[in-house]
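A, B, ... follow the sequence lines: proteins, then strands. Residue 1 opens every chain. Every value quoted in this text rests on a predicted model; they were computed, and no experiment measured them.
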Amino acid sequence: MSAHAEPMSRRAWLLNESPASRRQAAWGRRYRLWLDFRRNPLAMAGLCTLVTLGLLTLAAPVVGRYDPAAQDLAYRLAEPSWAHWFGTDELGRDVLARVLYGGRITLGMVVAVVLLVAPIGLVIGIVAGYFGGFADRVLMRVTDVFLAFPRLILALAFVAAIQPGITSAIAAIALTAWPPYARLARAETLTIRNTDFIAAVRLTGASPWRIILRHVAPLCLPSLIVRVTLDMSSIILTVAALGFLGMGARPPSPEWGAMIATARRFILTQWWVPLVPGLAIFVTSLAFNLLGDGLRDVLDPKQR
Amino acid sequence: MRAFGAVLLSVPVTLFGLVLVTFLIGRVMPIDPIIAILGDHAREDVVAKLRLELGLDRSLPVQFVLYLGRLLHGDLGNSVMTSHSVVADIGQFFPATLELATVAIIIGVVVGVPLGVLAAVRQGSRTDHAIRVFCLAGHSIPVFVLGLLSLLVFYAKLGWAPGTGRIDVAFEGMVPSVTGFLTVDALLAQDWDSFWSAVGHLMQPAGVLGYFSVAYIARMTRAFMLDALGEEYVTTARAKGLSPLRVIWRHAFPNILVRLITVLALSYAGLLEGAVVTETVFSWPGLGQYLTVSLLNADMNAVLGATLVIGMSYMGLNLLADLAYRLMDPRVL
């Protein structure tokens, strides 16, 4: 390419086979991954659904049109209509508005759990894998114990012991969700630890923590991201199940599981009241599964 | 065989951890167990006496040792709600859960394995995609939503299913309990009306629960089958001119059995968890319902007992999966 040529298009800059800078190489790689990802229609559908859902819950005051707590006893259990697209519940509250506001709670809880769990699991796994020996054995025993429990049951017992509510539900799910990440990060670390480039970094005198943070952790990230995305759906299901069993968010909170719990007695008559939040859970969790599958194909081809 | 020993050796450690965790859960709770048993207005000397009896005046490690001792004697305390011992309660409720989970896993195998094989053989076809979506849906829908949906469709709209509970009210308590599996007990008593009523009530929750194991088993079977079909001995078998069916079922399939058994055990363990929620939807009087009702009443002895039993079954099944794998696949040892 001569110096007089037209300025390179952004696409050509990204796809350049011989990048001139680190930045160009990094962005070029990301762009190629994106191109790979875009070719998977199901994964794109998942991504679009999630973006739409996210925007809808953020725009709840506009799209929902009603106050989720506003009762209208004259309009109890109304069928879906132009005024109330998904009908109203037993107190005359608009179901659509409640599902949209509830999305903030359910999705917020899921994000909180992931933000708590992923870094903790990553650090524990890498430390166990990198240092090995006694620390490794103790940490892996602890993960074994937590993996030996069915997640939902342990979370239930925990919430019951502390006190039902959103915060304790997040804490309880986080407590049961970290071991798989630790396992994963440890396995990745074990293979990275003995590579030549780590030996080279070590020879330059880098401290163990520098190696872990700058060289090992970034390489564990792709598989961790895939795992988190695939795990999102099971976290959503756990959040909703806790709400349904009365151990997570409590009514009158419009959290999806709690909404279904209060509305379940109408299943045989006004079925839309419990089934609309159920549909919301299903769609969100399916979208995460599709996205996760697509990400795995792109980021972690060996696991396909 | 050394790896085998290591697996068995890890059992007591994990079991100990399990007990420790349930014990600690029981001790972090802000509710005073004494108040939970005696209520707010108990006389002070009675409270003090019970506190002494339960060993609650001792240090935490001592309490744990006492708890372990009671546990080894099969004593999980009394349930405040039922006023029976928790062990007796669990003995009464657990068979119902096992019955539900067992039928669900049978559905999972009978439907899931052929679906998985079909998807693998027709890889990339419409059938494969349809099965994939069917399985993904199973990983995405909450148990209780599917349960409510099936009540709406099969009970209210179509009238095919008899609804909630374990048996029609008319037959309640008619069959002497031998195994705790109501269907088996009715067979043993040769009480056909009770038997069919019990089967009818069992099929709906078991079908809902079974769907989740179908989704899991089919997905895993597909993956295993794809591996096996890519092996050279399969190419050889095909080259010899064997019929496609014979290649699939006599050559490829037997080689995925070992891994499939592991999946079965894991799936069964997962069903125990799913049963907890399914039971509350279908008013199925099993351990799950016992657990959730105790949770809502803050009946901690019952909660911890049920948690421990489910945790132990879960662990046992995982162990079984691990051992079966090591026993049958010589490469792992």
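Around the OH atom of B/Tyr155, the shell of radius 6.0 Å holds no more than 12 heavy atoms that belong to other residues, nucleotides or ligands. The number of heavy-atom neighbours closer than 6.0 Å to CH2 of A/Trp272, taken from other residues, nucleotides and ligands shown, is above 12.
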Original post:
Given B/Arg132 and A/Asp293, is the side-chain contact (heavy atoms from CB on, under 4.5 Å) satisfied, shown in steps?
Top reply: CA-CA 11 Å; B/Arg132 181 160 169 236; A/Asp293 263 7; 3.1 Å; yes
**OP:** Evaluate the criterion side-chain contact (heavy atoms from CB on, under 4.5 Å) for residue pair A/Leu156 and B/Leu295; output intermediate values, then yes/no.
**Re:** CA-CA 8 Å; A/Leu156 276 176; B/Leu295 276 169; 3.7 Å; yes
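Each of B/Thr292, B/Val281, B/Val143 was compared with A/Phe244 under the side chain to side chain contact (heavy atoms under 4.5 Å, CB included) criterion, and only B/Val281 meets it. Test B/Ile25, B/Leu18, B/Thr22 against A/Leu154 for side chain to side chain contact (heavy atoms under 4.5 Å, CB included) and you get one pass: B/Ile25.
Considering OG of B/Ser313 and CD1 of A/Ile153, their distance stands at 10.0 Å, rounded to 0.5 Å. Rounding to the nearest 0.5 Å places CG of B/Leu152 at 14.5 Å from CZ of A/Phe266. Between A/Leu152 atom CG and B/Leu272 atom CG the span is 12.0 Å, to the nearest 0.5 Å. Atom CG of A/Leu237 is separated from atom CZ of B/Phe212 by 8.0 Å, given to the nearest 0.5 angstrom. Atom CZ of A/Arg141 sits about 13.0 Å away from atom CZ of B/Phe16, to the nearest 0.5 Å. Expressed to the nearest 0.5 Å, how far CZ of A/Arg265 lies from CG of B/Leu148 amounts to 13.0 Å.
Heavy-atom pairs under 4.5 Å with chain A peak, among B/Leu136, B/Val303, B/Val277, at B/Leu136.
Both the backbone and the side chain of B/Ala137 come within less than 4.5 Å of a heavy atom of chain A.
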